Amino acid sequence: MDFSAEFIGLRDRFMKGLDPAFVSEQNAEVAGRVAALYSRFDVTTEKKLLGMMPMGASSHAHEYRLLFAEPVLNTAALADWWDYAKRAEQTLVQPNAAHGFSILSFIVATQQVERDIQKKVRRLSAERQFENGKYGWSSIHFAVVDLEARKIYTNRMGAPLKNILQPILRKNT
C-alpha cells in the first residue's frame, strides 16, 4: 500500500463530501501543527423564548474538522495526538455569552495500528462545560482511520464521525 497516495485520496474524498457550508483549507496551521485538511462550519441563530418569541439576542455554534497523517500509530503517538487534540480544542473554541456549542472532529489516518489502539481510542474523552459569563459546551470527536485494514476506531463521542467516514473509506476499496 502506498500510504501517501491512500491518504491524499482520503483527504480529497473527505473534502469533496463536506457540506458546502464548511470552509476548508489544506495544509493549515492549527495550534502549532499543520493539518492536511482544516474545515470549519459556523452557524448563528436568533434566540427565541419557547422556540417562538424572539429575544433580541443570538447564539453561535461551530464544528471544526481536522485531518492528520501518522503512518504508524503506537501508544505513544496516540497519547501525543490526544494531547494535541485537547490543545487544538482550547485554541479553536472561544466561548462567550452567546456560545451554544462547539465540536472538534479530529481524524488521524494511519497505515499501521498497534493492537490495543482500538480500546485506548474508545476510552478517550474530553468535554467542557463553560460558565462565568461563557456559555455552552465543547466536545472532541476523535477518530483513527486505519487505511491498511480499512477500519475506523473512534472515542464514544466520535460515533457520528465514524458514520461520516465509513462511506468515504469504502469508496476506495
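Numbers for residues simply follow the sequence, beginning at 1. Every value quoted in this text rests on a predicted model; they were computed, and no experiment measured them.
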Hydrophobic cluster identity match, [X] and [Y], side-chain contacts under 4.5 Å:
{"X": "Leu92", "Y": "Ile103", "result": "no"}
{"X": "Met1", "Y": "Ile117", "result": "no"}
{"X": "Phe106", "Y": "Met157", "result": "no"}
{"X": "Phe14", "Y": "Ile8", "result": "yes"}
{"X": "Tyr38", "Y": "Ile140", "result": "yes"}

Check your understanding: Is the number of heavy atoms from other residues, nucleotides or ligands under 6.0 Å of Gln112 CD greater than 12?
Key ->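 No, CD of Gln112 has 12 or fewer neighbouring heavy atoms, counting only those of other groups under 6.0 Å.
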
Is [X] reaching over with its side chain to a backbone N or O of [Y], donor-acceptor style, under 3.5 angstrom?
{"X": "Asn74", "Y": "Glu114", "value": "no"}
{"X": "Arg156", "Y": "Ser125", "value": "no"}
{"X": "Glu25", "Y": "Ala28", "value": "no"}
{"X": "Arg122", "Y": "Gln118", "value": "no"}

Point to revise | Trace of the side-chain hydrogen bond (donor to acceptor under 3.5 Å, both in side chains) decision for Glu127 with Ser138 | key: CA-CA 6 Å; Glu127 294 183 69; Ser138 70; over 6 Å; no

Check your understanding: Partners of Lys120 by salt bridge (Lys or Arg N to Asp or Glu O under 4.0 Å), sequence neighbours excluded?
Key ->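 In terms of salt bridge (Lys or Arg N to Asp or Glu O under 4.0 Å), with neighbours along the sequence ignored, Lys120 is linked to Asp116.
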
Check your understanding: side chain to side chain contact (heavy atoms under 4.5 Å, CB included) between Gln26 and Met15: does it pass, once the steps are laid out?
Key -> CA-CA 9 Å; Gln26 292 183 26; Met15 191 163 57; 2.9 Å; yes

**Study point:** Among Asp146, Val108, Leu78, Leu73, side-chain contact (heavy atoms from CB on, under 4.5 Å) partner for Tyr153
**Key:**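 One option only clears the test, and that one is Asp146.
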
Practice item. Scan Leu66, Ile164, Leu165 and name whichever one has a side-chain contact (heavy atoms from CB on, under 4.5 Å) with Ile107. Key: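 Among Leu66, Ile164, Leu165, the one meeting side-chain contact (heavy atoms from CB on, under 4.5 Å) with Ile107 is Leu165.
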
Side chains of [X] and [Y]: closer than 4.5 Å at any heavy-atom pair?
{"X": "Thr91", "Y": "Val30", "result": "no"}
{"X": "Leu10", "Y": "Leu147", "result": "yes"}
{"X": "Thr154", "Y": "Phe142", "result": "no"}

Exercise for review: Begin from the C-alpha positions of Leu67 and Phe7 and carry the test side chain to side chain contact (heavy atoms under 4.5 Å, CB included) through to its verdict.
Suggested key: CA-CA 10 Å; Leu67 175 66; Phe7 178 74; 3.9 Å; yes

Check your understanding: Can the ring centroids of Tyr84 and Phe68 be said to lie less than 6.0 angstrom from one another?
Key ->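 Aromatic pair counts; centres sit under 6.0 Å.
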
Practice item. Hey, could you give me the CD/CG distance between Gln166 and Leu161, rounded to the nearest 0.5 Å? Key: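 The CG atom of Leu161 is 10.5 Å from CD of Gln166, to the nearest 0.5 Å.
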
Closest heavy-atom pair and its distance - [X], [Y]:
{"X": "Pro167", "Y": "Asn163", "answer": "CD-O, 3.2 Å"}
{"X": "Ser139", "Y": "His141", "answer": "OG-CD2, 3.6 Å"}
{"X": "Phe3", "Y": "Ala109", "answer": "CZ-O, 3.6 Å"}

Practice item. With salt bridge (Lys or Arg N to Asp or Glu O under 4.0 Å) as the test, would you mind laying out the steps for Glu63 and Arg65 before giving the verdict? Key: CA-CA 7 Å; Glu63 182 176 358; Arg65 292 184 182 173; 2.8 Å; yes

Pairing residues for [X] by the ring-ring contact (aromatic ring centres under 6.0 Å, His included) criterion, not counting sequence neighbours:
{"X": "Phe130", "result": "His99"}
{"X": "Phe101", "result": "Trp137"}
{"X": "Phe41", "result": "Phe22"}

Exercise for review: Could I get the full list of side chain to side chain donor-acceptor pair (under 3.5 Å) partners for Ser24, not counting sequence neighbours?
Suggested key: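 For Ser24, the residues satisfying side chain to side chain donor-acceptor pair (under 3.5 Å) (neighbours in sequence not counted) are Ser39.
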
Exercise for review: Return the set of residues passing side chain to side chain donor-acceptor pair (under 3.5 Å) with Thr110 (not counting sequence neighbours), or none when no residue passes.
Suggested key: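 Testing Thr110 for side chain to side chain donor-acceptor pair (under 3.5 Å), a comparison that skips the adjacent residues, returns none.
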
Check your understanding: Within 45° of the axis and under 6.0 Å from the centre of the six-membered ring of Trp81, does NZ or CZ of Arg33 qualify?
Key ->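 Verdict for Trp81: a cation-pi partner in Arg33.
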
Check your understanding: Can you list the steps and then say if Asp42 with Val23 is a side chain to side chain contact (heavy atoms under 4.5 Å, CB included)?
Key -> CA-CA 9 Å; Asp42 301 302; Val23 176; over 6 Å; no

Exercise for review: Apply side chain to side chain contact (heavy atoms under 4.5 Å, CB included) to Glu6 and Glu148, showing your working.
Suggested key: CA-CA 9 Å; Glu6 289 283 328; Glu148 181 79 28; over 6 Å; no

**Study point:** No-hydrogen, no-angle side-chain donor-acceptor test under 3.5 Å, Arg128 and Gln90
**Key:**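 Checked: Arg128/Gln90 side chains show no N/O donor-acceptor pair below 3.5 Å.
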
